[in-house]
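Data first, discussion second: the structure below is written as C-alpha cells.
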Protein chains: 2
Amino acid sequence: MTESTVSRRRAIALAGAGVAGIAGAAAVGGAVVRTAEQSHPAQAGAAAADAIAFTGAHQAGIVTPAQDRLHFVAFDVVTKDRARLVRMLKDWTAAAARLTAGRDAGEIGAVGGILEAPPDDTGEAIGLPASGLTLTVGFGPTLFRDAAGKDRFGIAAQRPAALVDLPHFPGDLIEAPISGGDICVQACANDPQVAVHAIRNLARIGMGVVTVRWSQLGFGRTSSTTRDQATPRNMFGFKDGTANLKAEETDLLRDHLWVQPGDGPAWMTGGAYVVTRKVRMLIETWDRTSLGEQEDIIGRTKGSGAPLGRADEFDEPDLEAKRPDGEPVIAIDSHVRLAHPTQNSNARMLRRGYNFVDGSDGLGRLNAGLFFIGYQRDPRTAFVPVQLNLARHDAMNEYVRHVSSGIFACPPGVTGASDYWGSTLFA
Amino acid sequence: MTESTVSRRRAIALAGAGVAGIAGAAAVGGAVVRTAEQSHPAQAGAAAADAIAFTGAHQAGIVTPAQDRLHFVAFDVVTKDRARLVRMLKDWTAAAARLTAGRDAGEIGAVGGILEAPPDDTGEAIGLPASGLTLTVGFGPTLFRDAAGKDRFGIAAQRPAALVDLPHFPGDLIEAPISGGDICVQACANDPQVAVHAIRNLARIGMGVVTVRWSQLGFGRTSSTTRDQATPRNMFGFKDGTANLKAEETDLLRDHLWVQPGDGPAWMTGGAYVVTRKVRMLIETWDRTSLGEQEDIIGRTKGSGAPLGRADEFDEPDLEAKRPDGEPVIAIDSHVRLAHPTQNSNARMLRRGYNFVDGSDGLGRLNAGLFFIGYQRDPRTAFVPVQLNLARHDAMNEYVRHVSSGIFACPPGVTGASDYWGSTLFA
C-alpha cells in the first residue's frame, strides 16, 4: 500500500469521525465509513501493560524473556526492484511497531476504513492485547546472492563472512522447500493468535514483493532466556536449555551473542546471527526406551534435570566423574557432554526454540519435535562446530532427524521513528 | 501395559519410597528406583483448581466452556482382537481420568519407575497443571464395518443410523489420508503442551492396537459454548459462533445435542455425534477483498459482529429487511442467512471449532483456516442438510476449501471407577 492510498483512506476516516457513536455504516461525503467505536479496542491503551518495546540497540525477541508461542516464517523475495524491497521493509517496520504495541497493522485498521477497500488489518486480533509480541527480522544468504549467483539488490559485497552457507551435517535429511529463505521473521507472543496475526499481516503487506517460503508454529518454549524463567521441557520430556545464555549475563552476551565492531561489515554491529533447525523427534521410539537409557542419552535426570551424578538442575556437569565400574557417569556420547562449551572451544549460543506438533506423518506417528532457534555472534565458531560434534557422536541422533535448516543475519535494533528494518544494510 | 506389569513396577516403586529425599538413583532390592520427590508436582493436588471433572452423564469437552487450544486425533485400529481393543479402551479411560486431573498418564509416572523400563508417562507435562484438559472419545463408521465391509469387532449391528457416511458435498476437496478414522479423541486444554501430552500418551498406550491416522492442532477457539464466553474471531477476522448452542440452554441441548432414548441403539443415549471438517481458508484472497464485500459474504459487520442492519452482535438477523434499492440487507447468499436455523428446518449444532495454521502450502501462502467441530443429536437433520445448503449457495465458498472430513459417535459419559470409554457399546 502506498502512502497516498493510506492518506486518502485516512482522510475519509477522519471525515467519518463526526458520526462516531452511530453503529454500523454511515454515508459521509459519498463514501461509507466505519465509526470509531468499531476500531481495535487495544488501541485505547489498555494493551500497553503487556507490550514489549519495539525499538532499541538490539532487536527485541532475542534476549526478551521467551514467550510461550512462536510463528516463524521465511520469505522468498520475488521482486528484483531494490526500491520496492526497501519500501516494503519500511512498511513492515511501521506495521511491526504498531503490532507489537497491540495495535492494528495499519492506520485505518480492520474496520476503520471504507467499505469499498480491503482493510489494512485482517482483524482476527481485534480485542486481543499486545500479548508480549516481538517481531525479529533476519536476512538469509540468498538475499545477498541468489541461487543463480545474481546480486539482485546490490548488496553482495555486504554479505558477512559469518553468514555462512551451513554445511551438510552427518545424518542431515534437510528438505529444501522448508529450508533457507531470503528474509525471516520470528514472531513470539503469549497468544498464538497474536503471533499468527502479525505474520499474516506482514505477508499481506509484502504481497508482490515476498511470498511465504515456509512457516512454522511452535508452542511450549524449550529454553529460558532469563534467570527467573523456569526451565521448560522438550518433547523428550526432559528439561532443555538449563545452560542457556541468559539476558542478565551481559559479559557473555557481548562475547557470544552480539556482533561487535570489527567483526565484519559495520551494518551488523549490534545484531546477531540466527540458525534454525527443525528437528523431528521419533517420539514413539523414544517412548519405548527405558528411563535409564533416556537419561544416559541426555546426561541428565528426567525428574529434576540435574546432570547425572549431581543433585541440582543448575549444578555444573562433572564430566570427569566415574562410576564404580570405571565408566564415565556422564556418557561419552551423551548430549550434555557433547554440547558442553568445554567440549566445543567455549562455544555458546542463546537458544530459544519451541516444541512443535505438525499433525501426523502418514505412517501412524505424530510429526513432532523441536524447532531449534539459536542466536549467536558467529556461527562459524558456535553452531557449526557444535552441530558437527553432535551430528558425529550424539547418542540422541538415533531419535532425531534434522529436516529443515536456516541461517539469517539479524541486524541491530530500530532506533527511531524514521529508522527501519535493514536500514544499516540498505541506507 | 498389562496390570501385572504395572503391579510389579508399582511394588518396586513402593519399595523405593523408603529412600525418598535422596536425590538421583538408589539401588533397592536389586533394582534402581526413582525417589518420590521426582514425581509429578501436580500430583500434590495443586492442580485440582483448574481440572474439569472427567466423569458424568455426558462426556466432558462438549458443553464444557471451550478451552483455547486443541489437539484432535483420529486413530486407525490395527488389531482384529476385540478383547485387545476393549483392554485399550479401559487403559485409555484410566489414563484419561488421571490426565484430566493433572496427573501422569500412569501410576508410576514419568520418573517414578525403574531405570530398566520405559516410563509410563512421557514427561513433557511435568510441573504443568491440569489446564482445563478434557478428553472426548468418538467411534467412526469404519469401527463398525471396515472399508472391506468386515465387522471386525462384532458391533456392526450396533451402528446407529445417525452415524451416516457423510455425502460428497459440492466443492469438496476431501483428502482421504487426513479424513475419517476408527476412533477419535478430542483433547482441549488451555495449554497446548498439556493437550499434546495427553494425545501422545494415549497413542503410546495404544501402541499395537491403534496408529495415528491424522491429527490436528488448533488455537483460538472460534465458538463460545457458554453465555459468559466472549465470541472469538476466526481467520477471516470475523466473530464466529455468536448463534451457537450454549451450555445453559438445556431445553435446546436436549432437542439438538444429546441423543435421547429411542433415537437409535441404546448405547448412544446421552451421547452426541461429532462432525469435523478442516476448512482451508484462502486468506490471501480474502485479504484483498473489500470490507463491504467481506461483510456481505458473512452477513455481519466485522467490528461488532452485529447482523447487517442491526446494532448488536446478539440481535437476531432480520432476514426480511430490504435496502432502499429493494435488495435484502442480508444477502441471499450470505453465510449468516444460509446457516440460519429458519433456513434449515430449525437445525442447530453445538460448534467448538478452532483456528489452525499448518505452515505454508508450497505456493507462497499460509496454510490456514478453521477446524470445524460440530456436536449434534443427529447429523442427518443437522450438519448434512446445513452443509448441503452452504455448499450449494454460500458466497463464502470462493474463499474456503474443505480438505478433511470426519464423523464419530461419541458415547455418553463415564459414570464410575469401573466404567470405561465405550462400555455401553462393548459390554
Side-chain angles (χ1 to χ4, degrees), chain A residues 23-24 32 34 38-39 71 76 110-111 113-119 122-124 126 177-178 192-193 196 200 203-204 207 211-217 219-220 233-235 237-238 283-284 287-292 295 301-304 306 309 311 355 357-360 362 364-366 368, chain B residues 23-24 32 34 38-39 71 76 110-111 113-119 122-124 126 177-178 192-193 196 200 203-204 207 211-217 219-220 233-235 237-238 283-284 287-292 295 301-304 306 309 311 355 357-360 362 364-366 368:
Chain A
V32 180
R34 294 293 123 184
Q38 293 184 327
S39 67
H71 192 187
D76 286 330
V111 296
I114 57 172
L115 285 178
E116 291 76 4
T122 57
E124 71 269 26
I126 291 176
I178 56 168
Q193 184 119 340
V196 162
R200 185 237 190 119
R204 182 185 54 77
M207 212 173 281
T211 60
V212 175
R213 180 176 175 87
W214 55 272
S215 112
Q216 180 67 48
L217 259 67
F219 62 89
R233 290 179 185 269
N234 62 24
M235 293 295 282
F238 277 76
I283 58 173
E284 291 81 4
D287 289 347
R288 283 191 291 250
T289 306
S290 73
L291 179 60
E295 294 188 338
T301 57
K302 197 165 189 175
S304 70
N355 298 325
V357 174
D358 289 354
S360 54
R365 303 176 303 199
L366 292 175
Chain B
V32 180
R34 295 290 122 186
Q38 293 183 327
S39 68
H71 192 186
D76 287 329
V111 297
I114 56 171
L115 285 179
E116 291 77 5
T122 57
E124 71 270 26
I126 291 176
I178 55 170
Q193 184 120 342
V196 162
R200 185 237 191 122
R204 181 185 56 75
M207 211 174 283
T211 60
V212 175
R213 179 176 176 86
W214 53 272
S215 109
Q216 180 66 49
L217 260 66
F219 62 89
R233 288 176 185 272
N234 63 24
M235 293 294 282
F238 278 75
I283 58 173
E284 291 80 4
D287 290 347
R288 285 189 291 251
T289 306
S290 74
L291 178 60
E295 294 187 339
T301 57
K302 195 164 189 175
S304 70
N355 298 325
V357 174
D358 290 352
S360 54
R365 304 175 302 199
L366 292 175

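In what follows, chains carry the letters A, B, and so on, assigned in the order in which the sequence lines appear, proteins first and then strands, with residues in each chain numbered from 1. Below, all heavy atoms of this structure are taken into account, side chains as well, without hydrogens, waters or symmetry copies. Given the structure is predicted, the values throughout are model-derived calculations rather than measurements.
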task: Under 4.5 Å, counting heavy-atom pairs only, tell me which of A/D76, A/N234, A/T289 racks up the most with chain B.
output: A/T289

field: Interchain contact, A/P192 with chain B, by part (heavy-atom threshold 4.5 Å)
entry: both

message: If I measure from the heavy atoms of chain B, does A/R288 come under 4.5 Å with its side chain, its backbone, both, or neither?
response: both

message: Test your reading of the model: is there a side-chain donor-acceptor pair from B/R200 to the backbone of A/M235, 3.5 Å cut-off?
response: yes

- request: Check whether A/V196 gets within reach of chain B through its side chain, its backbone, both or neither, counting any heavy atom under 4.5 Å.
  value: side chain

- line: Rounding to 0.5 Å, atoms CD1 (B/I126) and NZ (A/K302) come to a distance of 7.0 Å

Separation between CG of B/D358 and CG of A/D358, rounded to the nearest 0.5 Å: 7.0 Å

- prompt: B/S290, B/G362, B/G309: which one forms the most heavy-atom pairs within less than 4.5 Å of chain A?
  reply: B/S290

task: Would you name the heavy atoms of A/R233 and B/G123 that are closest together and state the gap between them?
output: CD-O, 3.2 Å

message: Quick check for you: among A/A368, A/P177, A/A306, A/G237, which has the greatest number of heavy-atom pairs under 4.5 Å with chain B?
response: A/G237

Nearest heavy-atom neighbours spanning A/P118 and B/D287: CB-O, 3.4 Å

- prompt: Considering only heavy atoms from C-beta outward, does the side chain of B/H71 approach that of A/L366 to under 4.5 Å?
  reply: yes

field: Any donor-acceptor N or O pair under 3.5 Å, side chains A/Q193, B/N355
entry: yes

query: Is it the side chain or the backbone of A/I283 that comes within 4.5 Å of chain B heavy atoms, both, or neither?
result: both

query: Among B/G220, B/A110, B/S360, B/A203, which residue forms the greatest number of heavy-atom pairs with chain A at distances under 4.5 Å?
result: B/S360

